[in-house]
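We number each residue from 1, following the sequence as shown. Excluded from the calculations below are hydrogen atoms, water molecules and symmetry mates; all remaining heavy atoms, backbone and side chain alike, are included.
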Amino acid sequence: MYIFFSFITFLIFLLVYRLISFKLKLVDIPDHRKIHKGKIPLIGGLIIYSNILLYSFFFENAYHINIILFTSSILIILGALDDSIELGVTFRLITQLMCCLIVIGSGLVIKNLGDYMYFPNIEIGILSVVFTVFCVMGLTNSFNFIDGIDGLCASLSLIAIITILLLSFSNGSYVNFKDFNFIVLICVSISLFIFFNITNFSKVFLGDSGSILLGFFVSWLLIYTSQNEYEFIHPILTIWCVTLPTFDIISVITRRLVRGANPFKPDRTHVHHILLKLGFSHNFTLTVILILSIILNLIGCVIFYIFGPAPSVLTFILLLSIYVLFMFYLSNIIKSN
């Protein structure tokens, strides 16, 4: 029932925000880094968040899920302001840090990294707050950085959330996962946005506020499900839920540092940019990246359940190294041409 009504309310929010987007200057205008045509409303994040927030009042969500959700309101509002008048990366990072500290203050933090063969339940101790901030802000910005072609960022966040749900379902912990149905509803809202993002029917973009919102929510959902008393998923599985975004941001920052560039300055060196420069179409590029993301997530989960946490970590490091080297190789091919 809620899923049906979420379709209707999503369309209402879409109509309302489209009507006010130009007055609020929430529109994306093409420039040297952007490949779309025309002015597109940057309201995707606002629509998704509004729809999620509306239905949160109809579910008995866990305390920390509500904290994450309500803290995200700060992120989406200030993010929309940034989209409108371009306050810059420093403002963006300060906002993210502030929101991180609010959630951490509620008691949700990365306390342990799980057990690995002869190393039972590795505790982080006094570094937990710093490590949590580093992980959340790193992953949040990885989603923001990879938001370069239609449907990519939202689809990767959808894959991450679905992976979390499937893992909790497969090990039976979903029974204690009281937010399970609400998370499914979030997937519906993201899916609806993807439709309007990849088609020309009332086209909208996420905007930085939207990509940061999705990255922030996914980051904290991973922490909530792995650090919960029921441990819905093992801590090492969190990185396998967001394999592609993690690989991409590490690869991009590594290549920027190697050539002496600012690691936080936007450029066109992400995986989707590289594939486009190699001559592939937008649809093909999107499809390849999403399939790769699903395959990587699947590999990690299979390795974990067959061989255990330690081999899973080693596999992650191996695949990450291969990915970084392969991106170096493709970048060099582009430069040589």
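Not a single donor-acceptor pair under 3.5 Å links the side chain of S84 to the backbone N or O of L81. Under a 3.5 Å cut-off, the side chain of N141 and the backbone N or O of M137 do form a donor-acceptor pair. In this structure, S142 contributes its side chain and L139 its backbone to a donor-acceptor pair below 3.5 Å.
For the side-chain contact (heavy atoms from CB on, under 4.5 Å) with L46, the lone residue among I77, L206, I76, V204 that qualifies is I76. Each of F316, F145, W240 was compared with F247 under the ring pair (Phe, Tyr, Trp, His ring centres under 6.0 Å) criterion, and only F316 meets it. Under the side-chain contact (heavy atoms from CB on, under 4.5 Å) rule, Y323 has a single partner from L318, T243, I250, L244, which is L244.
Ring-plane geometry between F70 and F57 is classed as tilted, the angle between the planes lying from 30 to 60 degrees on a 0 to 90 degree scale.
Between F232 and F169, the distance separating the two ring centers is not shorter than 6.0 angstrom.
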Determine whether T95 and F216 satisfy the following criterion, side chain to side chain contact (heavy atoms under 4.5 Å, CB included), listing intermediate values before the conclusion. CA-CA 11 Å; T95 301; F216 185 81; over 6 Å; no
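In the model, Y55 has no side-chain atom that pairs as donor or acceptor with a side-chain atom of S189 under 3.5 Å. Side-chain N/O atoms of S209 and Y49 include no donor and acceptor closer than 3.5 Å.
Side chains of S155 and I198 form no contact here, defined as non-hydrogen atoms less than 4.5 Å apart.
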